[in-house]
Each structure stands twice: as C-alpha cells, then as structure tokens.
Amino acid sequence: MAEYRACIFGIRIAVDMNVNELLVIGDSDLLIHQVQGEWSTKNVKILPYMHCVKEQCKKFIEIEFKHVPRIQNEFADALTTLSSVIQHQDKNYIDPIEVEIRDQHAYYLNEDEEPNGKPWYLDIKRFLATREYPENATNS
C-alpha cells in the first residue's frame, strides 16, 4: 500500500504540473504489473489504490509504467539520497530537479603541478586570514 501511495502522490504532482506524457519507473514488480493489467489482485485493501492510479492515468495523453529491478534502479537511489539531504523551510514544497541526459561524456583535466608552484587556493586562504584582497584582484 505504501508503494501505491507513493505512486499516487507522484502522479498527482505530475498532474498538478500539467504534464501530458509520463514515464513511471518503479521497482515494485507487483504495482507495475497490476497497474498495467498483467496481474490481478483480490486484496481488498489494495484495490482502491489501484483504481485511484488508473483514474489518475486518464488525465494524461500518454502514461507508461516500466519495471526496473531494485538493484538496477540507481536513479531512484540517487533521488532518495538527494531528498534526504535537501532541506526546505516549507516542508510542502519540493524544489524541482532537472535531469539532463548527455550523449557525450564530460572530461576533467587535473594538473598535478601549479603553474607558479603555489596551490590554487592560496589567495583564498590568505583572504580568510587577513580579510584583504590581493593587489591584483578584480570585480569580475
């Protein structure tokens, strides 16, 4: 029932955001297959939840449910981790998370040696100690 409640909550948020097409990815084999009509349930406690999900689905032009095994659901784990560390003053507000999928990898270049032989953070460290900007500091 908790998985159905979470699914209903997520779908209602998408409806409130005027989403027309939705891909629901879940690791609950039972929920996904029941909502898709592949599996049935006789559990009278779950039936109202399943009917609620199906009613909410009618509000979309297209909605698809996809099962992903929990072990392969790194995205959900990452979102769970993010949600556990993000705090907002208004507990009913959730900052939107924008996820972009890139088709090219990002590369990072790390130089072991500093060009002037001093660490990159030296000016910052000096500023914290003296509260004075370096002579060559600019506004930009």
Side-chain angles (χ1 to χ4, degrees):
M1 287 187 292
E3 291 165 340
Y4 268 100
R5 278 190 224 121
C7 182
I8 291 166
F9 180 72
I11 291 173
R12 284 184 177 161
I13 289 173
V15 168
D16 290 345
M17 295 173 62
N18 297 317
V19 171
N20 294 321
E21 297 178 5
L22 183 66
L23 172 61
V24 179
I25 300 173
D27 55 25
S28 171
D29 217 15
L30 183 69
L31 183 145
I32 300 295
H33 290 290
Q34 284 176 344
V35 170
Q36 289 176 328
E38 296 169 357
W39 296 355
S40 62
T41 182
K42 295 178 184 175
N43 185 334
V44 293
K45 292 180 180 178
I46 291 179
L47 282 173
Y49 292 103
M50 187 172 62
H51 292 301
C52 181
V53 169
K54 289 187 176 189
E55 282 301 310
Q56 294 292 318
C57 289
K58 293 176 183 176
K59 298 177 179 177
F60 295 91
I61 293 172
E62 184 178 341
I63 185 167
E64 181 183 345
F65 290 81
K66 182 179 177 185
H67 175 257
V68 176
R70 188 163 295 171
I71 194 77
Q72 295 174 359
N73 202 353
E74 296 113 359
F75 190 69
D77 289 341
L79 289 176
T80 303
T81 303
L82 271 175
S83 68
S84 69
V85 298
I86 295 174
Q87 294 181 359
H88 199 279
Q89 295 144 350
D90 180 2
K91 299 294 181 194
N92 295 322
Y93 177 82
I94 301 172
D95 285 321
I97 298 173
E98 191 171 312
V99 179
E100 292 183 32
I101 299 173
R102 303 286 183 172
D103 25 341
Q104 292 183 341
H105 295 287
Y107 293 95
Y108 171 74
L109 175 63
N110 183 21
E111 293 184 22
D112 291 332
E113 288 186 29
E114 299 295 327
N116 59 4
K118 298 176 185 173
W120 64 268
Y121 55 85
L122 183 64
D123 288 334
I124 299 170
K125 188 175 177 181
R126 188 176 300 134
F127 172 78
L128 292 173
T130 65
R131 296 286 184 212
E132 294 177 9
Y133 288 101
E135 290 177 21
N136 59 348
T138 64
N139 288 338
S140 56

Of all the heavy-atom pairs spanning [X] and [Y], show the shortest one and how long it is.
X: Gln34; Y: Ser40; value: NE2-O, 4.0 Å
X: Gln56; Y: Val15; value: OE1-CG2, 4.0 Å
X: Phe60; Y: Ile11; value: CE1-CG2, 3.6 Å
X: Asp27; Y: Pro69; value: CB-C, 4.2 Å

Report whether [X] and [Y] are members of the same hydrophobic cluster (ILVMFWY, side-chain heavy atoms less than 4.5 Å apart, transitive linking).
X: Ile32; Y: Leu30; value: no
X: Ile61; Y: Val24; value: no
X: Leu47; Y: Val35; value: yes
X: Val19; Y: Ile63; value: yes
X: Ile8; Y: Val44; value: no

Fit a plane to each ring of His33 and His67, take the angle between them on a 0 to 90° scale, and name the class: parallel (under 30°), tilted (30 to 60°) or perpendicular (over 60°).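 His33 vs His67 ring planes: tilted.
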Mind checking the [atom1]-[atom2] spacing from [X] to [Y]? Nearest 0.5 Å is all I need.
X: Arg12; Y: Lys59; atom1: CZ; atom2: NZ; result: 7.0 Å
X: Cys57; Y: Gln36; atom1: SG; atom2: CD; result: 10.0 Å
X: Tyr4; Y: Cys52; atom1: OH; atom2: SG; result: 11.0 Å
X: Asn43; Y: Met1; atom1: CG; atom2: CE; result: 7.5 Å
X: Glu3; Y: Asp29; atom1: CD; atom2: CG; result: 10.0 Å

What residue among Val53, Ile25, Leu23 forms side chain to side chain contact (heavy atoms under 4.5 Å, CB included) with Phe65?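 That would be Val53.
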Within the supplied structure, the quantity of interest is the number of heavy atoms (other residues, nucleotides, ligands) at a distance under 6.0 Å from Phe127 CZ; does it exceed 12?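 Yes, enclosed.
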